[in-house]
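Structure, as structure tokens:
To find a chain, count down the sequence lines: A is the first, B the second, and so on, and within it residues start at 1.
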2 protein chains.
Amino acid sequence: MKKIDILKKLRSSRLRPTKQRVEIAKFLFEREKTFHFTVESLNKLLTKKSTSKIALATIYNTVHAFKAAGHLSEVEVRGNKTYFDTNVSNHHHFYDSETAELIDIDANDIVIQKIPKAPNGKKIKNVEVFINLKN
Amino acid sequence: MKKIDILKKLRSSRLRPTKQRVEIAKFLFEREKTFHFTVESLNKLLTKKSTSKIALATIYNTVHAFKAAGHLSEVEVRGNKTYFDTNVSNHHHFYDSETAELIDIDANDIVIQKIPKAPNGKKIKNVEVFINLKN
DNA sequence: AGACTAGTTTATAATTATTCTAAAGTGAAA
DNA sequence: TTTCACTTTAGAATAATTATAAACTAGTCT
Ligand SMILES: [Mn+2]
Ligand SMILES: [Mn+2]
Ligand SMILES: [Zn+2]
Ligand SMILES: [Zn+2]
């Protein structure tokens, strides 16, 4: 994804392409593979990479704005930190608790044969599978 | 589960059956159905139910001790609070984000037909399925 | 360009969940 | 009963996140 696309991406979701947002968006979206991160880890990586430092509150704001715009998804894993995911399609995860690392599993690589019906008055929104790993 | 069993349960895991532990254990384990809770919700329910109040730190200590002893499991759900579960067998969950409620799904009620193999050098510890609900 | 304004960033304070500390209390072994 | 390792407790500390409010800025309007 090139810079012009980053600007389009931001503008199309009514997010002003500020210096900070562009820098964060480039870091997050200009890559081939899915990126899983916490606000803390993103902050560290951005600090290392760039000269201008972005306030932690801005990283929180930006990540939440990107999530609200559908550019990021939130992943639930064990622990008290919130994980985000640049892969916003329906997919699953390996979770390696040794390294606290997530690895994507394509939705097609897991086939569920039997599934219970939703409780009365409720519908199934989506199904998430976590495969916990050990050594 | 009767009181005598509670005492056995505690003693068998080398946990002294103190007044607080017995009270919490009775509240958690003397019930038919699975109970899902956070430390905060447990604290509120215990405060409402009982006359003697138990310190929050004790509830944290006790819940962690019960978990370490295998009497409780921890469930990962969206949100920043840790959820615990009196069902320690391998099972799955519905998650109702409207009510922040978990509902058990028996392991046999979900059959997975196709599953990817674990990354190199890793093994599959277990598979957890979350079925997110909507109205 | 210059002024305007709503949206944004930032440092800092506040909040929430959880863990730590260390002093007082207690179960149970001897 | 005495003893002591284990437990409880109030309160402090830490960690993650959100709120506040003042300063800044992108885009619009002349
Ligand atoms: Mn969580
Ligand atoms: Mn937290
Ligand atoms: Zn992912
Ligand atoms: Zn359960």
Compare side-chain N and O positions of [X] against OP1 and OP2 of [N] and report whether any pair is under 4.0 Å apart.
X	N	result
Thr82(B)	dT18(C)	yes
Gln20(B)	dT9(D)	yes
Arg11(B)	dG27(C)	no

Which nucleotide sits closest to the side chain of [X]: [options]?
X	options	result
Glu40(B)	dA17(C), dA28(C), dA10(D)	dA17(C)
Ile54(A)	dT8(D), dT10(C), dA16(D)	dT10(C)
Ala57(A)	dA16(D), dA11(C), dG11(D)	dA11(C)
Ala55(B)	dA28(C), dT18(C), dT9(D)	dT9(D)

Please report, rounded to the nearest Å, how far the [atom2] atom of [N] is from the [atom1] atom of [X].
X	N	atom1	atom2	answer
Lys81(A)	dA15(D)	NZ	C1'	9 Å
Lys44(A)	dA16(D)	NZ	C1'	13 Å
Tyr60(B)	dA10(D)	OH	P	15 Å
Leu56(B)	dT9(D)	CG	P	11 Å
Asn61(B)	dT18(C)	CG	P	13 Å
Arg21(A)	dT10(C)	CZ	C1'	14 Å
Ile59(A)	dT12(C)	CD1	C1'	16 Å
Asn43(B)	dT9(D)	CG	C1'	13 Å

(message) Would you compute the distance between atom CG of Asn108(B) and atom NE2 of His92(B) and round it to the nearest 0.5 angstrom?
(response)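 Answer rounded to 0.5 Å: 9.0 Å.
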
(message) On the six-membered ring of Phe29(A), is Lys9(A) placed so that its NZ or CZ lies under 6.0 angstrom from the centre and within 45° of the ring axis?
(response)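 Because its charged atom sits under 6.0 Å from the ring centre and within 45° of the axis, Lys9(A) does stack over Phe29(A).
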
(message) Below 30° counts as parallel, above 60° as perpendicular, anything between as tilted: where do the rings of Phe130(B) and His93(B) land?
(response)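 Because their plane-to-plane angle is under 30°, the rings of Phe130(B) and His93(B) count as parallel.
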
(message) Both Val39(B) and Arg16(A) contact DNA chain C. Which one's nearest nucleotide lies toward the 5' end?
(response)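 That would be Arg16(A).
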
(request) With DNA chain C as reference, determine whether Thr18(B) or His64(B) sits nearer its 5' end, using the nearest nucleotide of each. (result)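 So the residue in question is His64(B).
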
(request) Might you point out which heavy atoms bring Asp85(A) and Phe37(A) nearest each other, and give the distance in Å? (result)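 Looks like N-CE2, 4.4 Å.
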
(message) Would you say that Asn135(A) contacts Lys122(B) through its side chain, given a criterion of any heavy-atom pair below 4.5 Å between the two side chains?
(response)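 The answer is yes, as the side chains (C-beta and beyond) meet within the 4.5 Å cut-off.
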
